[in-house]
Amino acid sequence: MTASARNSDKTLLTTKSEEFSREIAAVIPGGNDSPFRGFEEVGGHTIFFNRALGSKLYDIDGNTYFDYLGAWGPAILGHCVPEVVAACQSAIAHGAVFGAPHELELEMAKLVIDTIPSIEKVRFVNSGTEAVMSAVRLARGFTKKDKIVMFEGGYHGHSDATLCSQGHQSSAGVPSSTAQETLLATFNDFESVRQVFAKHRGELAALVVEPVCGSMGVIPPNPGFLEKVDRLCKQEGILFICDEVLTGLRVARGGAQSLYEIKPDLTCLGKALGGGMPIGAYGGSAEIMEQLLPNGDVYQAGTFSGNPVTMAGGIATLKLLADPLVYKTLESRTAQLFEGLQNHINRKSLPIQLQRVGSMFGIIFAAKPVRNWQDHLSIDARAFAQFFHKVLSQGVYLPPSSVDAACVSAAHSEDDIEETVRIMCAQL
Ligand SMILES: Cc1ncc(COP(=O)(O)O)c(C=O)c1O
């Protein structure tokens, strides 16, 4: 039975989710542990899920959805992948955490190094936030400089150093002294990078970039942009940190750095790397990574870092992703989705931009393509919210955000996509 058939054409019944949403808000601020999950932007109450399998999500009221959230990135192979489940079950049965090195950690490190050629040595942590936070500290320790440059609207997790941008990338509680150490340039505007570098010559430790921006409308880099930034960083002795927490494994097996001609000094990974288990990783040249304690003097630690269950999930995932067929499937399913939507958008001359790299995509309610933070301000969040709820009621779950990346998984079938296109086009 397809998702839309299951949900029928009537308004979705989500009585239990509504009740639970009220109840959870009394004990967890905002009703969730990560604010992006909330429905503040689109309105209404959140949906509570109790099962995820393949390309589908199942809620507590008995509704089924085609999943295009992909857990905000990790579910690249879909949900409950048998090999990943078996690997994690076996690992937990042998001991969930040792607090000491183990073989799975060694195997996983070798696989990551094999997958991302710019990484000679790697450290595992528990989230993308930790990966970027640690990479920034390492860059500061290595260069003995304090300031970093990032791009307006870029999202690099919730550490103080990177919450100095705009909108939902900023936060009260970040000390102004910390914010002063983070400088902003404009994505896809090389001149803006050159200007910041010139103004702060001798003060900069690193530039941090999401090679494809995933939190302001899915923005690919303009041709040559990242290459020029990488080159300038190398000329100026500033470390080039690629935050591939979302793009790593997702846009290509070797990450965005394999699509563009760049060689980051440090790469941050997370999300898809753990097969659904909480993970982060950062790595780069041996020379830089050796600055970490105990060999060097840059501190990073973690009780659960590199834990066996996460390593097992990651190993199983990386082995499956080594099959080129997975990426062919991801590409053809996402292309199928975009072709169906684009034909409809063209026919009706709708002010909607379809933006994607690989299987991360955005359905952007804007008259013109979005290329940077300023452009992204033109996105019609209200139009998106209406669309979100209309397709939700027909069994399609998108990120509840007009700007964040949606994801296709290798578990989506041609039929899933065909049905999704039918549902979406009927609502546009
Ligand atoms: C590019 C990027 N960097 C860092 C992070 C933070 O990762 P985590 O949520 O695992 O802390 C995210 C999460 O959305 C991200 O998209």
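In each ligand, atom 1 is the first atom listed, and ligand 1 is the first ligand listed. Computed from a prediction, not measured in an experiment: that's the story for all the values here.
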### Message
In terms of relative ring orientation, are Tyr397 and Phe39 parallel, tilted or perpendicular, with 30° and 60° separating the classes?
### Response
tilted
Show me which atoms of ligand 1 lie under 4.0 Å from any heavy atom of [X].
X: Glu210; result: 1 (C)
X: Ser127; result: 10 (O), 11 (O)
X: Asp243; result: 1 (C), 2 (C), 3 (N), 4 (C)
X: His156; result: 3 (N), 4 (C)

### Message
Below 4.0 Å from ligand 1: does a non-hydrogen atom of Glu244 turn up there or not?
### Response
no
### Query
Does ligand 1 have an atom under 4.0 Å from some heavy atom of Tyr155?
yes
### Task
Answer yes or no on whether Arg356 is positioned over the face of Phe361, meaning its NZ or CZ is under 6.0 Å from the six-membered ring centre and within 45° of the axis.
no
### Task
Before signing off on this row, confirm whether Thr129 and ligand 1 have an N or O atom pair separated by under 3.5 Å.
yes
### Query
Do any N/O atoms on Lys271 end up under 3.5 angstrom from N/O atoms on ligand 1?
yes
### Query
Which heavy-atom pair separates Leu104 from Ala312 by the least distance, and what is that distance?
CD1-CB, 4.1 Å
### Query
Between atom CZ of Phe49 and atom CG of Leu69, what is the distance when rounded to the nearest 0.5 Å?
8.0 Å
### Query
From Asp59 CG over to Ser17 OG, what is the distance, rounded to the nearest 0.5 angstrom?
5.0 Å
### Flag side-chain contact, heavy atom, 4.5 Å: His158 against Leu163
yes
#### Entry: Flag for Gln300-Tyr282: side-chain donor and acceptor within less than 3.5 Å
yes
### Task
For atom 7 (O) of ligand 1, state which one of Cys213, Ser215, Pro278, Gly128 supplies the nearest heavy atom.
Gly128
### Query
Which option, Pro211, Ser159, Pro74, Gly157, owns the non-hydrogen atom nearest atom 5 (C) of ligand 1?
Gly157
